[in-house]
Amino acid sequence: MDSQNFQNNSYEQPNSQGPQKTDALAIVSLVLGIASILLGCCVTYLGIALGIGGIVCSVMSKKKQKSGLATAGMVCSIIGIVFALIWIIGSVAILGWLAASGIDVSSYM
């Protein structure tokens, strides 16, 4: 082997566009998705509405540019909607079971 210095000839091509800016809709979708998860157990209808808003913002953001934040917002929004729906179905099932047992559930509604 020669005693020459071997240099790495690979180089990074300069980014002609500059750094990509984070899309505001992606951030909004993530915030709405997290709020949907948090409010899914307390105010279920608000959790569903926030989840739908998060999905809409995520889809609009993904049309502009692919973003990990938009994907995370969509995932959080879907989880929040599913969580709220499970909470509603579970509450109705428990109230139905209590009513079938002869317990007056009119005070719970």
Side-chain angles (χ1 to χ4, degrees):
M1 190 180 259
D2 295 329
S3 62
Q4 297 174 354
N5 291 333
F6 292 102
Q7 294 180 355
N8 189 359
N9 290 333
S10 66
Y11 63 94
E12 292 183 29
Q13 294 181 354
N15 191 355
S16 61
Q17 297 175 348
Q20 290 183 348
K21 294 182 180 177
T22 304
D23 189 18
L25 282 174
I27 296 172
V28 170
S29 72
L30 183 62
V31 169
L32 289 175
I34 292 171
S36 172
I37 291 173
L38 295 176
L39 293 176
C41 65
C42 304
V43 189
T44 54
Y45 300 112
L46 184 59
I48 291 173
L50 291 174
I52 291 171
I55 290 174
V56 169
C57 289
S58 176
V59 168
M60 290 172 53
S61 173
K62 282 188 171 198
K63 284 184 181 179
K64 290 182 183 178
Q65 70 180 30
K66 300 285 184 186
S67 171
L69 284 177
T71 304
M74 181 171 287
V75 169
C76 288
S77 297
I78 291 171
I79 289 172
I81 290 172
V82 169
F83 185 64
L85 290 175
I86 289 173
W87 193 265
I88 289 172
I89 292 169
S91 298
V92 169
I94 289 173
L95 286 175
W97 176 70
L98 289 173
S101 300
I103 298 173
D104 183 27
V105 293
S106 61
S107 62
Y108 297 113
M109 294 184 191

* Structure fact -> Residues Ala70 and Ser58: closest non-hydrogen pair is O-OG, 2.6 Å

* Determine whether Ile78 and Tyr45 fall in the same hydrophobic cluster, where Ile, Leu, Val, Met, Phe, Trp and Tyr are linked whenever their side-chain heavy atoms lie under 4.5 Å apart. => yes

* To do: Please examine the side chains of Ile55 and Ile81, heavy atoms only from C-beta on, and report whether any two atoms are closer than 4.5 Å.
  => yes

* Could you give me the CA-CA distance, side-chain angles and deciding distance for Ser67 and Asp23, then say whether side chain to side chain donor-acceptor pair (under 3.5 Å) is met? => CA-CA 8 Å; Ser67 171; Asp23 189 18; over 6 Å; no

* Asked: Honestly curious: do Leu38 and Ile27 fall in one hydrophobic cluster under the side-chain, below-4.5 Å linking rule?
  -> yes

* Structure fact -> Closest heavy-atom pair, Ser77 versus Ser36, reported as atoms and distance to 0.1 Å, is O-OG, 4.0 Å

* **Hydrophobic cluster identity match, Leu39 and Val28, side-chain contacts under 4.5 Å** => yes

* **Heavy-atom check, side chain of Leu32 versus side chain of Cys57, under 4.5 Å** => yes

* Roughly how far, to the nearest 0.5 Å, is the NZ atom of Lys62 from the OG atom of Ser29? -> 9.0 Å

* To do: Treat each ILVMFWY residue as a node, draw an edge where side-chain heavy atoms are under 4.5 Å apart, and state whether Val56 and Leu25 are in one component.
  => yes

With a 3.5 Å cut-off and sequence neighbours excluded, list the donor-acceptor pairs that the side chains of residues 86-98 form with protein atoms.
from	atom 1	to	atom 2	distance (Å)
Trp87	NE1	Cys41	O	3.2
Ser91	OG	Trp87	O	2.8

* Asked: Is there a donor in the side chain of Lys66 and an acceptor in the side chain of Thr71, or the other way round, less than 3.5 Å apart?
  -> no

* Ile37 and Val82: same hydrophobic cluster, using ILVMFWY side-chain contacts below 4.5 Å? -> no

